[in-house]
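The next block holds one structure in the form of structure tokens; read it before the comments.
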Amino acid sequence: MAAIEYKLLHVDKQTGARLGEVKTLHGTFQTPIFMPVGTQATVKTMSPEDLEKVGAQIILANNYHLWLRPGQEIVKEAGGLHKFMNWNHPILTDSGGFQAFSLTDNVKFNEEGISFKNHLSGKPMFLSPEKAIEVENDLGADIIMSLDMLTDFHSDYAEMQKAVNRTTRWAERGLKAHQNPDTQALFGIVQGGGYEDLRKQSARDLVSLDFPGYSIGGLSVGETKEEMNQVLDYTVPELPEDKPRYLMGVGTPDALIDGVIRGVDMFDCVLPTRIARNGTVMTSKGRLVIKNAAYARDFGPMDDNCDCYACRNYSRAYIRHLLKAKESFGIHLTSYHNLYFLLDLMKQVREAIKNDRLADFRAEFFENYGYNSKHMNF
RNA sequence: GGAGGAGUAGCGAAGUGGCUAAACGCAGCGGACUGUAAAUCCGCCCCAUUAUUGGUUCGGUGGUUCGAAUCCACUCUCCUCCA
């Protein structure tokens with residue numbers, strides 16, 4: 001069989017959003033789905049058992065980080081990433097393209113690949129599309145990304161066109177280098193910033209190479225919500241209906257819902273776990289900076305409407321105390337809740353699609369969360 | 001009783017004539033965070049108003065000086081050592 005199989009189960013009559021599932025060798029996950037990020041083969045503060053409890057079905061790990069440390073050969077020797085980190089469900093690895101983009105200080109791009117300095121040792125490193133695949137093959141995730149080239153969302157047309165074309169060539173090289181197409185699904189990544197013709201061209205070029213799934217990259221890098229939604233509006237229709245679509249790096253509740261409405265199936269983001277560690281939680285009524293003094297004597301749960309372990313057992317006052325005291329249990333509880341919150345949100349979204357009422361759900365959710373839901377065009 | 005040392009903003013701690021409302025750290029308060037070099041980063045943090053400006057400070061009192069946390073005198077408190 002192929003490494004993954006996507007099955008479209010239902011299309012929401014109100015919005016056209018897709019309900020589906022993706023079958024992998026490590027189990028099936030429901031779409032639309034949010035994927036927690038575990039860069040260094042761990043979702044910070046969360047055990048695999050915790051991840052199962054918050055409803056995670058697939059998680060991310062990072063090629064770049066694991067390549068540098070501990071080194072993919074060690075992970076391979078351990079029996080692969082699933083075994084190494086004790087997560088026997090689907091895993092997706094990112095290629096390292098985003099690291100090259102975000103750690104720009106010591107990075108140089110050319111047609112062959114990306115040269116940069118190892119941020120841990122300072123040693124010069126070179127990541128080619130082939131090398132990225134080789135590392136990902138060794139790590140053994142169920143879904144892997146080809147190496148892509150990002151530029152600033154507002155780069156000029158010529159620069160963006162160069163990045164798009166190079167990303168396509170790199171995707172093709174990755175496809176050729178891929179050793180395990182029967183066990184690992186390689187996704188190509190659509191680039192093109194906010195240029196409609198480039199996005200469409202990028203998508204078409206990748207589709208012609210026939211990947212088992214497609215990512216949309218270069219978003220949530222500083223552009224507005226409107227810009228992101230516009231890009232999705234003209235990009236997603238270029239992608240085949242029988243393959244999963246993955247919007248990379250998106251994790252605010254509104255963007256998740258609006259992405260689903262535009263036909264996206266998969267999302268990942270560090271946001272819920274990062275803001276959790278920095279003292280902010282997501283609730284049904286919006287973000288709450290739980291470390292603020294206002295909650296010192298608030299003995300209610302983080303979110304009245306949440307039935308996660310953290311909300312059922314611990315108060316805002318207690319969690320705030322733990323955070324102020326820098327006790328690790330505090331960031332575990334906030335991380336636990338934030339992941340539960342987003343995963344539960346996606347569960348509700350799937351339910352809404354099934355019942356053909358995603359537009360209604362969106363309106364209700366936005367109202368409670370405090371988003372302005374006026375400009376909804378889908 | 002004698003000798004030496006120290007007293008700076010909530011705490012710790014720089015500063016020994018003007019560039020000092022006073023470095024820096026901690027605590028406190030607020031903000032940011034989107035394919036994780038992030039349990040991080042950025043502000044504020046004497047008082048009042050505030051992108052400004054004004055007022056009061058460096059144990060206390062009184063001096064010297066155009067000008068003092070910084071120099072002098074007296075005084076209070078604490079620490080160490082000797083009796």
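Side chains are part of it too, since the values below use all heavy atoms of this structure and drop only hydrogens, waters and symmetry mates. Since the model is a prediction, treat every value here as computed from it, not as a measurement. Proteins come first, then strands; the chains are lettered A, B, ... in the order of their sequence lines, and each starts at number 1.
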[N] to [M] separation - [atom1] atoms, rounded to the nearest Å:
{"N": "A73(B)", "M": "A68(B)", "atom1": "C1'", "answer": "15 Å"}
{"N": "U61(B)", "M": "A51(B)", "atom1": "C1'", "answer": "41 Å"}
{"N": "C19(B)", "M": "A23(B)", "atom1": "P", "answer": "13 Å"}
{"N": "U77(B)", "M": "G60(B)", "atom1": "C1'", "answer": "10 Å"}
{"N": "G10(B)", "M": "C45(B)", "atom1": "C1'", "answer": "11 Å"}
{"N": "C81(B)", "M": "G63(B)", "atom1": "P", "answer": "39 Å"}
{"N": "A6(B)", "M": "A14(B)", "atom1": "P", "answer": "11 Å"}
{"N": "U8(B)", "M": "U20(B)", "atom1": "C1'", "answer": "12 Å"}

Does a side-chain N-to-carboxylate-O contact under 4.0 Å join [X] and [Y]?
{"X": "Arg362(A)", "Y": "Asp254(A)", "answer": "no"}
{"X": "Glu134(A)", "Y": "Lys131(A)", "answer": "yes"}
{"X": "Asp148(A)", "Y": "Arg166(A)", "answer": "no"}
{"X": "Arg169(A)", "Y": "Glu111(A)", "answer": "yes"}
{"X": "Arg357(A)", "Y": "Glu364(A)", "answer": "yes"}
{"X": "Asp210(A)", "Y": "Lys243(A)", "answer": "yes"}

At 4.0 Å (heavy atoms only), tell me whether [X] reaches a base, stays on the sugar-phosphate, or touches nothing.
{"X": "Ser335(A)", "value": "nothing"}
{"X": "Ser215(A)", "value": "nothing"}
{"X": "Gly279(A)", "value": "nothing"}
{"X": "Lys117(A)", "value": "nothing"}
{"X": "Leu247(A)", "value": "nothing"}
{"X": "Asn278(A)", "value": "base"}
{"X": "Lys44(A)", "value": "base"}
{"X": "Asp148(A)", "value": "base"}
{"X": "Gln191(A)", "value": "base"}

Next on the checklist: For Asp307(A), give me all partners under side chain to side chain contact (heavy atoms under 4.5 Å, CB included), at least two apart in sequence or on another chain.
Outcome noted: Tyr340(A)
Next on the checklist: Let me spell it out: for each of Thr252(A) and Arg274(A), pick the nucleotide of RNA chain B with the closest heavy atom. Which residue's pick is nearer the 5' end?
Outcome noted: Thr252(A)
Checklist entry - Taking for each residue the nucleotide of RNA chain B bearing the nearest heavy atom, is the 5' side occupied by Thr39(A) or by Arg277(A)? => result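 Between the two, 5'-proximity favours Thr39(A).
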Checklist entry - How would you give the extent of chain A contacts on RNA chain B, as first and last nucleotide 5' to 3' within a 4.0 Å heavy-atom cut-off? => result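 Listing 5' to 3', RNA chain B meets chain A from A27(B) to U40(B).
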Base-pairing assignment for [N] (Watson-Crick or G-U wobble, both under 3.5 Å):
{"N": "C74(B)", "answer": "G60(B)"}
{"N": "G4(B)", "answer": "C79(B)"}
{"N": "C66(B)", "answer": "G18(B)"}
{"N": "U34(B)", "answer": "none"}
{"N": "G28(B)", "answer": "C44(B)"}

Checklist outcome for this item: Heavy-atom closest pair (Met228(A) atom, Leu219(A) atom, distance to 0.1 Å) is CG-CD1, 3.9 Å
Item to check | Tyr157(A): ring pair (Phe, Tyr, Trp, His ring centres under 6.0 Å) partners, not counting sequence neighbours | outcome: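 For Tyr157(A) the ring pair (Phe, Tyr, Trp, His ring centres under 6.0 Å) partners, ignoring immediate neighbours, are Tyr195(A).
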